[in-house]
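Written below as structure tokens is the structure these notes are about.
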Amino acid sequence: MKPNDEFDHDESLSDAAIEAALRRLPPVAIPRGLEERVVAAIPRAMPALQRTSSASKLRERQWFGLATVAAAMLLVVVSVASWHGNRQGNSTIGPPRPDGRMIVVKFVQTKETDPCNILPPLADWR
Amino acid sequence: MANRHEGNGLDERHADRRLVKRILAGDQQACAELVRAHHAALYRMLFHLCRDEHRAEDLVQETFASAWTGLAEFSGASGVGTWLYRIGYRKFLDAQRRRSSRVDDASDDGVVRLDERSPDPVRTAIADEDAAQLYAALAMLPADERDVVVLHHLQGLSFDEISEVVGVPPGTLRWRKNRALASLRRLLQEKYEYETE
């Protein structure tokens with residue numbers, strides 16, 4: 001490209017002139033038969049396979065998330081129950097009654113252990 | 001994808017999404033439509049990047065092969081054309097790396113010589129002498145500058161779209177474009193001065 005052909009010689013090769021020349025460039029010819037070759041290479045079973053694999057991946061992820069949430073909730077429930085049980089004192093479930101219902105039996109300690117009296121008295125050392 | 005300066009980009013995007021849905025539903029005709037709509041622009045981009053029609057053709061085939069396997073992951077955030085350009089650009093970079101390492105291994109003095117003796121393929125493809133000179137000047141630019149000019153001026157992509165393709169911020173791309181225009185001006189001026197001497 002000669003500047004005096006496409007551009008005004010005085011203000012030759014301004015950015016705008018070069019950009020205009022670039023946009024006017026003729027497009028490169030496409031090789032004959034390229035489209036047919038690419039179309040011929042389209043896999044016949046591709047879309048269904050892709051959709052299945054993508055959907056199954058999504059399902060796997062969803063199940064994994066659900067399982068994690070369920071495990072966390074179970075852990076919380078067990079922890080709360082255990083903490084609540086400790087606070088309420090010792091209790092146990094009594095033997096099953098004939099009508100199939102259970103009775104919660106609560107042990108109430110009436111006398112606390114005196115930590116100073118857990119050992120036998122010392123013999124008189126004299 | 002052919003020219004972003006024409007038509008409504010939003011309509012194009014809706015049309016692209018519909019096309020992708022049809023392909024994922026198993027419509028083989030939709031696959032052919034996608035090829036028909038985008039193969040030429042993709043080929044031209046790859047041809048300008050690698051300057052070899054056979055390599056460009058191979059890269060187009062590889063790009064569509066990757067597109068078929070990855071189409072289910074297409075999010076629709078960008079147009080299908082931009083998405084295909086991105087795949088094609090990565091294929092080109094991978095091929096360049098492989099090629100460079102092969103040439104490096106083969107050369108005795110460590111100097112890379114790619115297609116040193118081969119005739120300029122653009123000159124054989126472009127009949128217009130002036131246009132061929134501009135193409136030749138374009139080929140002499142550093143790769144990062146040339147890529148911006150090819151994608152922006154020749155392919156008609158906006159800087160946001162180019163940013164998605166090459167993974168570089170739009171501001172950097174604008175700066176590269178300005179540098180590329182300055183380099184082109186210098187090259188064309190040198191050519192003109194040489195011819196008028």
Side-chain angles (χ1 to χ4, degrees), chain A residues 1-70, chain B residues 5 22-28 30-32 34-36 39-41 43-44 47-48 53-54 56-57 60-61 63-65 68-73 121-122 125-135 137-138 149 152-154 156 177-178 180-182 184-186 188-189 191-192 195-196:
Chain A
M1 173 180 301
K2 301 172 192 72
N4 55 350
D5 284 350
E6 292 215 5
F7 308 107
D8 184 1
H9 195 61
D10 291 336
E11 44 184 80
S12 64
L13 301 178
S14 66
D15 281 1
I18 294 173
E19 287 191 288
L22 284 167
R23 290 206 172 95
R24 275 201 307 272
L25 281 173
V28 174
I30 305 299
R32 196 172 292 172
L34 175 63
E35 183 186 326
E36 288 74 22
R37 285 193 289 279
V38 177
V39 168
I42 296 171
R44 295 292 159 205
M46 174 270 304
L49 182 71
Q50 286 304 309
R51 194 176 43 174
T52 307
S53 69
S54 177
S56 63
K57 272 183 200 167
L58 186 67
R59 264 200 303 276
E60 272 174 28
R61 277 187 216 136
Q62 283 173 341
W63 276 114
F64 182 75
L66 274 175
T68 308
V69 170
Chain B
H5 297 303
R22 282 173 54 207
I23 294 171
L24 292 175
D27 185 347
Q28 288 283 314
C31 296
L34 186 79
V35 172
R36 206 167 299 130
H39 81 284
Y43 172 80
R44 287 191 181 110
F47 177 79
H48 286 305
E53 55 190 285
H54 299 296
E57 223 181 303
V60 170
Q61 296 269 18
T63 301
F64 275 104
W68 303 137
T69 55
L71 199 63
E73 314 297 329
V122 172
I126 304 293
D128 185 332
E129 180 64 19
D130 289 342
Q133 284 188 16
L134 188 50
Y135 271 127
L138 188 61
V149 172
H152 184 63
H153 295 98
L154 305 189
K177 184 207 80 172
N178 291 335
L181 291 176
L184 278 176
R185 187 188 308 116
R186 183 178 46 77
L188 291 170
Q189 203 81 50
K191 174 99 179 138
Y192 172 69
E195 284 180 355
T196 52

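Letters A, B, ... are given to chains in the order of the sequence lines, protein chains preceding strands, and every chain is numbered from 1. What you see below is based on every heavy atom in this structure, not just the backbone, and it leaves out hydrogens, waters and symmetry mates. If you're wondering where the values come from, they're calculated on a predicted model, not measured in any experiment.
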Could you tell me which non-hydrogen atom of Pro43(A) sits nearest to which non-hydrogen atom of Trp68(B), and how far apart they are? CD-CD1, 3.4 Å
Considering only heavy atoms and a distance below 4.5 Å, find which of Leu181(B), Leu34(B), Val149(B) pairs most often with chain A. Leu181(B)
Closest non-hydrogen atom pair, Gln61(B) against Ala41(A): OE1-CB, 3.9 Å
Smallest heavy-atom separation, Pro27(A) atom then Arg44(B) atom, equals CB-NE, 3.4 Å
Tested for side chain to side chain contact (heavy atoms under 4.5 Å, CB included) against Phe64(B), the lone hit among Val39(A), Ile42(A), Val38(A) is Val38(A)
Gap between atom NZ of Lys177(B) and atom CD of Glu19(A) - 0.5 Å precision: 4.0 Å
After noting the C-alpha distance and the side-chain angles of His153(B) and Arg24(A), does the key distance pass the side-chain contact (heavy atoms from CB on, under 4.5 Å) rule? CA-CA 9 Å; His153(B) 295 98; Arg24(A) 275 201 307 272; over 6 Å; no
Is there a side-chain contact between His39(B) and Ile30(A) (heavy atoms, below 4.5 Å)? yes
Going through the distances and angles, do Val28(A) and Leu154(B) end up as a side-chain contact (heavy atoms from CB on, under 4.5 Å)? CA-CA 10 Å; Val28(A) 174; Leu154(B) 305 189; over 6 Å; no
